[in-house]
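On a predicted model such as this, the values are computed, not experimentally measured, just so you know. In what follows, chains carry the letters A, B, and so on, assigned in the order in which the sequence lines appear, proteins first and then strands, with residues in each chain numbered from 1. Heavy-atom basis, side chains included; hydrogens, waters and symmetry copies ignored.
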Amino acid sequence: MLRHGLFEALLRTEPIFRNKEVLRPTYTPEDLPHRSDQINQLASTLVPALRGETPSNVFIYGKTGTGKTAVAKYVGKELIEAGKANGARVNFIYINCEVVDTQYRVLTQIANALTDNWNERIPFTGWPTDEVYAKLREKIDASGGATIIILDEIDKLVFKAGDDVLYNLTRINADLSKARVSLIGISNDLKFTEFLDARVTSSLGEEEIIFPPYDAAQLQDILKQRAGVAFKEGMLENAVIPLCAALAAQEHGDARRALDLLRVSGEIAERESARRVSEQHVRRAQNKIEIDRVTEVVRTLPMQSKLVLLSVILGEEHTQRKGLTTGESYDTYRELCKATGSDVLTQRRVTDLLSELDIMGILTARVISKGRYGRTKEIQLSVPAGETRAVLCEEPQLELACNARLPQQKLSAVL
DNA sequence: TGTCCACTGGAAGGGAGGGCTT
DNA sequence: AAGCCCTCCCTTCCAGTGGACA
C-alpha cells in the first residue's frame, strides 16, 4: 500500500541547512582563518614564478585537518589569477598521491594536465616510463613559464613507488630550456623522508612550512565562519559550536573532524525534524562518526582478522566478563574456524593479528602476569560489540556462526 | 627463595603470488 | 615462457619473563 504524504511530511519540516556543501572536506573556502602566516610564507616562496624565475621547492608538513591542502590550493588559485593579471604564464597542477601512486601515473597526470588536445594525451598504460618522461619534458617546455606541481600525500607515493619519481622531477629543470618546474610536497607523516635519497630530501626541503594543529578557539572561528553559510539563521544552539570545537581539539586539532561533527549534527537534527541543532545532536554525531569509522575498519579487515575479532566478541559473551586471555580467545578462535570451515592459524600468528587489532584501536591487549598461572595478554574489546558483530555478520562465511552461534556446549566445554 | 606457568615476542625461513626483465 | 626478485602471510623454534605459590 502506498503511504500518501510520505515526502510531503518531510518537505514541510523547516530545513536547517542553507548550503551543506561548505562543511564538506572537498570545499575550499575563500578565507582561511588562522593560516595567514602559512599563506604568506607559501606565497612569498612562489612569487618568483611571476617574475620569470624558478621558485624553490616546498615541503609542507602538518597533521590531518590542519589546512595544508586548502592553503596550497588557495595560494595556487591566487597565483594563477596574478599570473593572468601580470602576463606571466603559470601552470598549477594538483595531484593526490593516494590515488595517483606510481611513477608512470604521476608523470602522465602532469603531462595530460598540460594538454588541452585529447589526441595528444598519454594513455594510462602502454608507454615505457622514460618515453613518458621525455614527452612530459617536451610539454612543460612547450608550455613555458612556471609549472607548480603539488604532490599531496607524498608519503603514500614514496611508500608505494619509491623516490625515483621525486628524483626525476627535482632534476627536471636541468633538462628544460624555456620553462621551470617547482614542487610542493604535502605530507602528514615526517617519517617518509628517511626513505628518500639525500639529494631528494635536500632539494624538496629547500623551504619547509609547518602547519600546527588548531586549538579549540581557532576551531571555533573556523566553524563560525562556515556555519554562517551552511546553516540558516538561528538554527544552532549556543553550545553547539564550542562543543564541536572542543571535541575536535581533543583529537589533535583536526578541522576536518570539527566540520564533520557540525555537519552530521545538523543532519541528525534535520532527520528528527528538530527545530534547532542542540548539544545532544553533537554528542550523537560524535558517536555516529566513531561507529562509522569502526564499521569501515572492521568491514575491510582480512578474513582471518575477522575470525579473530569475532572470537573475542563470542568469547566475552560466553564467559560473561570483559577481558580474555590469549589462550581463551585462541580456543574460541579454533572452534570458530572449525565451525566455519576456515584454516586454523597458529597461536603465534593469532597473537600478531591481535596486536594489529590493538593498534587499530578495535581492542586493547595488555600483558599481565597471573603469577603461578603464567603470563598472558588480557584482551578486551574497545568498540561496541553489537555493531561490530553486525558488520562481521555481513561476511557470508561468518553469517551462520554469527547469528546461530557456536554449539553452546562445545564452547563452554572449551572455556 | 626458587619454581614454574602460560604465555610473549624475536628470528629465521617457507611458499604463494605479483611484477619485472630477459 | 622462464627466471628472478620482492612482498606478504604464515609456521617453527625458542629464549625470556612477572609474579603467585610452595
Side-chain angles (χ1 to χ4, degrees), chain A residues 97-109 122-134 153 155-168 189 191-192 194-197 297-312 314-316 318-319 321-382 392 395 397-398 411-415:
Chain A
C97 301
E98 186 165 26
V99 188
V100 184
D101 58 358
T102 64
Q103 158 145 255
Y104 184 93
R105 283 192 222 150
V106 168
L107 297 178
T108 325
Q109 186 95 4
I122 301 172
F124 62 86
T125 179
W127 286 22
T129 307
D130 54 346
E131 206 167 307
V132 178
Y133 181 76
E153 313 214 31
D155 48 320
K156 302 272 164 52
L157 178 66
V158 173
F159 281 126
K160 182 100 195 288
D163 62 356
D164 287 356
V165 211
L166 299 182
Y167 185 69
N168 289 333
D189 185 357
K191 255 188 288 168
F192 88 99
E194 294 168 17
F195 300 92
L196 292 182
D197 189 297
V297 172
V298 171
R299 189 170 288 140
T300 53
L301 244 30
M303 191 58 200
Q304 282 293 346
S305 298
K306 285 184 176 169
L307 283 164
V308 171
L309 179 57
L310 183 55
S311 55
V312 172
L314 293 178
E316 280 195 353
H318 282 274
T319 54
R321 74 187 139 81
K322 282 248 159 198
L324 301 168
T325 66
T326 304
E328 283 169 336
S329 40
Y330 185 66
D331 288 340
T332 319
Y333 162 81
R334 266 206 330 246
E335 288 297 322
L336 189 59
C337 286
K338 274 188 222 150
T340 55
S342 318
D343 291 344
V344 183
L345 304 181
T346 56
Q347 185 160 329
R348 179 70 188 82
R349 179 64 188 143
V350 170
T351 39
D352 278 346
L353 295 180
L354 283 167
S355 306
E356 282 170 25
L357 292 171
D358 185 7
I359 290 167
M360 289 183 222
I362 297 175
L363 45 80
T364 47
R366 62 193 178 97
V367 182
I368 54 161
S369 174
K370 301 206 283 185
R372 214 42 261 239
Y373 305 103
R375 219 159 90 90
T376 181
K377 262 182 178 169
E378 192 183 57
I379 298 151
Q380 274 193 39
L381 203 63
S382 48
L392 292 170
E395 190 77 44
Q397 203 181 336
L398 296 179
L411 242 184
S412 46
V414 170
L415 297 174

Not counting sequence neighbours, which residues clear side-chain contact (heavy atoms from CB on, under 4.5 Å) with A:Ser342? List them please. A:Leu307, A:Cys337, A:Thr340, A:Gln397
A:Gln109: what forms a side-chain contact (heavy atoms from CB on, under 4.5 Å) with it, not counting sequence neighbours? A:Ile95, A:Val100
More than 12 foreign heavy atoms under 6.0 Å from CZ of A:Arg321: is that the case here? yes
Mind checking if A:Ser355 touches a base, just sugar-phosphate, or nothing, with heavy atoms under 4.0 Å? nothing
Tell me which of A:Gly374 and A:Val367 sits closer to the 5' end of DNA chain B, going by the nucleotide each one is nearest to. A:Gly374
Taking five pairs at each end of the helix from B:dT1-C:dA22 to B:dT22-C:dA1, what angle separates the two helix axes (nearest 10°)? 10°
Taking side chain as C-beta onward, heavy atoms only, is A:Leu357 less than 4.5 Å from A:Val312? no
Is the shortest side-chain heavy-atom distance between A:Thr376 and A:Ile368 below 4.5 Å? yes
Between A:Thr325 (side chain only) and A:Glu378 (backbone N and O only), is there a donor and an acceptor less than 3.5 Å apart? no
With a 4.5 Å limit on heavy-atom distance, are the side chains of A:Leu345 and A:Val308 in contact? no
Residues in side-chain contact (heavy atoms from CB on, under 4.5 Å) with A:Tyr133, at least two apart? A:Leu107, A:Arg137, A:Asn168, A:Ile172, A:Asp175
Under a 3.5 Å cutoff, is there a donor and acceptor pairing between the side chains of A:Lys377 and A:Ser329? no
A:Val344 vs A:Tyr330 side-chain heavy atoms within contact, under 4.5 Å: yes
How does protein contact run along nucleotides 9-16 of chain C, one letter per nucleotide 5' to 3', with B for base contact, S for sugar-phosphate only, - for none, heavy atoms under 4.0 Å? SSBBB---
Taking any atom under 4.0 angstrom from a heavy atom of chain A, which nucleotides of DNA chain B are the first and last to qualify, 5' to 3'? B:dC4 to B:dG10
